[in-house]
K.L.:
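Mind having a look at this structure? Questions to follow.
What you see below is based on every heavy atom in this structure, not just the backbone, and it leaves out hydrogens, waters and symmetry mates. Chain letters run A, B, ... following the sequence lines, proteins first and then strands; every chain starts at 1. Bear in mind the structure is a predicted one, so any value in this text is a computation, not a measurement.
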Amino acid sequence: MEGIVINIEGEAVELGSQGSGRGADDIVKKLKKISALALKSAEGSLFDISHITEIAENRDGTEFTAVTIDQPEGLAVCRHSTSHIMAHAVKDIYPGVKVTIGPSTEDGFYYDFDTDTPFTPDDLSAIEKAMQKIIKRNNPFVRKTMSKADAVKLFKAMGEDYKVEIIEAIDAGEVSLYEEGGFIDLCRGPHVPGTASIRAFKLLKTAGAYWRGDEKNKMLQRIYGTAFATQEELKRHIEFLEEVKRRDHRRLGRELDLFSIHDDIGAGLILWHPNGAMIRKTIEDFWREEHLKAGYKLLFSPHIAKIDLWKKSGHLDFYKENMYTPMDIDGADYEIKPMNCPFHIAVYKSALRSYRDLPIKYAELGTVYRYERSGVLHGLLRVRGFTQDDAHIFCRVDQIESEILDVLDFTLYVLRTFGFEKYDVYLSTRPDKYVGTLSNWEIATDALRNALEKKGIKYETDPGEGVFYGPKIDIKVKDSLNRQWQCSTIQVDFNLPERFDIAYRASDDKEHMPIMIHRALMGSLERFFGILIEHYAGAFPLWLSPVQVSVLTISERQADYAKETADILMKAGIRVETDLGDEKIGYKIRQSSLKKIPYAVLIGDKEMELRSLTVRKRNGENLSFADINNLLDFLREEIESRR
RNA sequence: GCCGGGAUAGCACAGUGGUAGUGCAGCUGAUUCGUAAUCAGCAGGUCGAGGGUUCGAAUCCCUUUCCCGGCUCCA
């Protein structure tokens, strides 16, 4: 065990055996003092603190760092251990339950159990109490190893069939077990030194989950929970979850009268109410304007097409489960469209194209219908009928990179306009099953990568995650709560040009096949709208607000003057509403605030006399304007800047 | 699709076999008020839909539609 160095809060401590360095017990003591949860090797693997001597024996010459709960890995270890404690508590209370797996997740942990009687919310608090007791006892987590055969025997004897199945699938001679207060679980580890290392946790909800995520397997009962370094952080997380609830677009959609979904119309089908429709109209106007500026041509295409089109496009082969059953029209089968691409190709094919025409960029707000399983529908975020902000760029291979560069700029500009400043970018490369030539894949993937690098955009590569027809770039925006949403996608396509045999005449006087780039910036208007509602918590910036200004009177004396004022604003293109009733001004302001109208113009005798305007911002701040033209200039400036 | 929970007035909810309720919103009247809820009165329901059990069903049973939480995180 020569040369083992453990970094403890910046101090390098050498682990020695006889004479040199510090003894293992001594180091463990030191580690416990700083509440270290695990040790991390130079290459990033994690180990138990109690395992320190074994580490030393097996891993000479390696450097380790103490990991505490303040590091992401430490928090993950803590959550994983909490899931074990939960399983322990569940087994204590319900001995017949079989345990399966219980990993840590991005913001907590879960454990899946096989039980005939699902857990209720009352069960959760009982389990929590049992967990508190286990934590209080500070049982040490003890790591053991045994041969696969012995482990199988052990878990078979315990009746833990799932563990047996897991062990049998493990590709190693030995497996590790963790024991804590008599509860033994198969686990790779590492774990916190003792149960008292868990300081703040909460069980959150129960859910059904298939064994190994496969719907052919048995449905298990999952319990979700989370754990944090301190009660304070746990409290903050719970407040965050409440904030998420407050911003729920389905709730705000009803409160602000933006959209609705009806049983008798159908699941996953959206009605846009006047307020929502106004926002959509504003988004669409912006979208069209910017596309024209960026050199796109706008298209409209029908909602249905003959089934042969979908056979030719290949959708019937690879997209069938998302398509509705065809309808018979005069003896021919028609399909409702799940995508817009075949129509855009038909427009491309409607004339002979020269290399000089390329790139040709067609854009359409195309409404498509896709079958989604009933259980996955979710407000505006997962629907069955939606409008894609779709575009197809037909270009030569040598144009791919510059087109991608343009699309990236365009995408980020559009996302920024909607207040999305932060995003993560992913480059997905060739999967195992693919169409097109290897050289084309290489050219296209390089083009995407070069474009990202030229822009200096940080990205992650997802190897093999591309679509079968070409590589792609996905952009996932982060909203104001730092939640990630995928909206934008840029995909190269070798498949459709070939299937539809599209061509252009090149300078060599021969026919060549163009490459297609599919791209969507917002993805689907419905989904994007849902994300926007949550991002802004319903308080849209002025340019998007369905009602921009409310005109409120102090008493009914000012009604006529208020009407005049509102009329001037309306004629100037401001979306305005009035509240001239006999309620008190406090009530009217409350109503205006609840509707999240950006500005309220308050009109009393004073304003009427001086012809000045008092304006209350949504946040309570007061502004005053000498006359209505000053207010108009102010509003116009804010609308144009799209702040 | 599957597991669990749910559907009661426009909205949020209470009501476990015996005459359907509360708050907000709505309507009417009073009030005319200066920065987030003035007061009073009135009206509003095939208790998601269909079937069954019962003297009697919002309530119990079956079917069905829709909604909600999940179903990638691999010991």
K.L.:
Determine the contact category for A:Ile585: base if any of its heavy atoms lies under 4.0 Å from a base atom, sugar-phosphate if only primed atoms, P, OP1 or OP2 are that close, otherwise nothing.
P.N.:
sugar-phosphate
K.L.:
Is it true that A:Lys148 and A:Asp150 make a salt bridge, defined as a side-chain N closer than 4.0 Å to a carboxylate O?
P.N.:
no
K.L.:
With a 3.5 angstrom cut-off on both distances, give the Watson-Crick or G-U wobble partner of B:A20, or none if there isn't one.
P.N.:
none
K.L.:
Using atom C1' in both nucleotides, what's the gap between B:A49 and B:A7 to the nearest angstrom?
P.N.:
11 Å
K.L.:
Taking atom C1' in both B:U65 and B:G51, compute the distance separating them and give it to the nearest angstrom.
P.N.:
15 Å
K.L.:
Is it true that A:Glu160 and A:Lys91 have a side-chain N and a carboxylate O under 4.0 angstrom from each other?
P.N.:
yes
K.L.:
In whole Å, measure the gap between the P atoms of B:U53 and B:C62 for me.
P.N.:
15 Å
K.L.:
Would you mind pulling out the nucleotide paired to B:C2, Watson-Crick or G-U wobble, both distances under 3.5 Å?
P.N.:
B:G70
K.L.:
Choosing from B:C33, B:A36, B:G34, which nucleotide comes nearest the side chain of A:Arg557?
P.N.:
B:C33
K.L.:
If you only use heavy atoms from C-beta on, which nucleotide in B:A36, B:A37, B:A75 is closest to the side chain of A:Tyr587?
P.N.:
B:A37
K.L.:
Roughly how many Å is it from NZ in A:Lys144 to C1' in B:A75, rounded to a whole number?
P.N.:
16 Å
K.L.:
A:Phe119 or A:Ile167: which one's nearest nucleotide on RNA chain B is closer to the 5' end?
P.N.:
A:Phe119
K.L.:
Which part of the nucleic acid, if any, lies within contact of A:Lys606, taking any heavy atom under 4.0 Å across all strands shown: a base, the sugar-phosphate backbone alone, or nothing?
P.N.:
base
K.L.:
Using Watson-Crick or G-U wobble geometry with both distances below 3.5 Å, tell me the partner of B:C60, or none.
P.N.:
B:G52
K.L.:
Can you tell me the pairing partner of B:A30 across any strand shown, Watson-Crick or G-U wobble, with both distances under 3.5 angstrom?
P.N.:
B:U38
K.L.:
To the side chain of A:Asn622, which of B:A37, B:U35, B:A75 is closest?
P.N.:
B:U35
K.L.:
How are the rings of A:His237 and A:Phe228 set to each other: parallel, tilted or perpendicular (split at 30° and 60°)?
P.N.:
tilted
K.L.:
Salt bridge or not for A:Arg250 and A:Asp248, using N-O below 4.0 Å?
P.N.:
yes
K.L.:
What is the distance from CG of A:Leu177 to C1' of B:A75, rounded to the nearest Å?
P.N.:
10 Å
K.L.:
Using atom P in both nucleotides, what's the gap between B:G45 and B:U8 to the nearest angstrom?
P.N.:
15 Å
K.L.:
Does the side chain of A:Asp424 come under 3.5 Å of the side chain of A:Gln484 through a donor N or O and an acceptor N or O?
P.N.:
yes
K.L.:
Does B:A7 pair with anything, Watson-Crick or G-U wobble, both distances under 3.5 Å, and if so, with which nucleotide?
P.N.:
B:U65
K.L.:
Please determine, for the side chain of A:Arg590, which listed nucleotide (B:A37, B:G4, B:U31) has the closest atom?
P.N.:
B:A37
K.L.:
From the list B:U38, B:A36, B:U32, which nucleotide is the closest neighbour of the side chain of A:Glu556?
P.N.:
B:U32
K.L.:
To the side chain of A:Leu602, which of B:A30, B:A36, B:G34 is closest?
P.N.:
B:G34
K.L.:
Below 4.0 angstrom, N of the basic side chain to O of the carboxylate: do A:Arg236 and A:Glu239 qualify?
P.N.:
no
K.L.:
Find the distance A:Asp560:CG to B:U32:C1' and express it as a whole number of Å.
P.N.:
15 Å
K.L.:
What is the separation between atom NZ on A:Lys584 and atom P on B:U35, rounded to the nearest whole Å?
P.N.:
10 Å
K.L.:
For atom C1', what is the distance between B:A14 and B:U22, given to the nearest Å?
P.N.:
7 Å
K.L.:
Tabulate protein N/O versus nucleotide N/O from nucleotides 68-74 of chain B, keeping only pairs under 3.5 Å, one per line.
P.N.:
residue	atom	partner	partner atom	Å
B:C68	OP1	A:Arg250	NH1	3.0
B:C68	O3'	A:Arg250	NH1	3.3
B:G69	OP1	A:Arg250	NH1	3.3
B:G69	OP1	A:Arg250	NH2	2.8
B:G69	OP2	A:Arg250	NH1	3.4
B:G69	OP2	A:His378	ND1	3.3
B:G70	OP1	A:Lys205	NZ	2.8
B:G70	O3'	A:Tyr224	OH	3.1
B:G70	O2'	A:Gly208	O	3.4
B:G70	O6	A:Gly375	O	3.4
B:G70	N3	A:Gly208	O	3.4
B:C71	OP1	A:Tyr224	OH	3.2
B:C71	O4'	A:Gly208	O	3.4
B:C71	O2'	A:Tyr210	N	3.3
B:U72	OP2	A:Gly213	O	3.2

K.L.:
Quickly work out the A:Leu252 CG to B:C11 P distance and round it to whole Å.
P.N.:
16 Å
K.L.:
For B:C39 and B:U46, measure between their C1' atoms and round to the nearest Å.
P.N.:
36 Å
K.L.:
Between A:His88 and A:Glu180, do the side chains contain a donor N or O and an acceptor N or O under 3.5 Å apart?
P.N.:
yes
K.L.:
Give the rounded distance in Å between these two atoms: CG of A:Leu552 and P of B:A36.
P.N.:
12 Å
K.L.:
Side chain of A:Arg616 only, please: which of B:C67, B:U35, B:G34 is the nearest?
P.N.:
B:U35
K.L.:
Provide, to the nearest angstrom, the distance between the CZ atom belonging to A:Arg370 and the P atom belonging to B:G1.
P.N.:
20 Å
K.L.:
For the pair A:Glu165 and A:Arg212, find out whether any cationic side-chain nitrogen is under 4.0 Å from an anionic carboxylate oxygen.
P.N.:
yes
K.L.:
Run the salt-bridge test on A:Arg373 and A:Glu215 with the 4.0 Å N-O cut-off and return the result as yes or no.
P.N.:
yes
K.L.:
Round to a whole Å and report the spacing from CD of A:Glu583 to C1' of B:C27.
P.N.:
13 Å
K.L.:
In whole angstrom, give me the gap between the C1' atoms of B:A12 and B:G70.
P.N.:
25 Å
K.L.:
Taking the nucleotide of RNA chain B with the nearest heavy atom to each, does A:Glu607 or A:Tyr111 sit closer to the 5' end?
P.N.:
A:Glu607
K.L.:
Applying the Watson-Crick and G-U wobble criteria at under 3.5 Å, what pairs with B:U46? Answer none if nothing qualifies.
P.N.:
none
K.L.:
If you measure from the C1' atom in B:C68 to the same atom in B:A43, how many Å do you get, rounded?
P.N.:
32 Å
K.L.:
Hey, are A:Arg611 and A:Glu607 close enough for a salt bridge, meaning a charged N less than 4.0 Å from a carboxylate O?
P.N.:
no
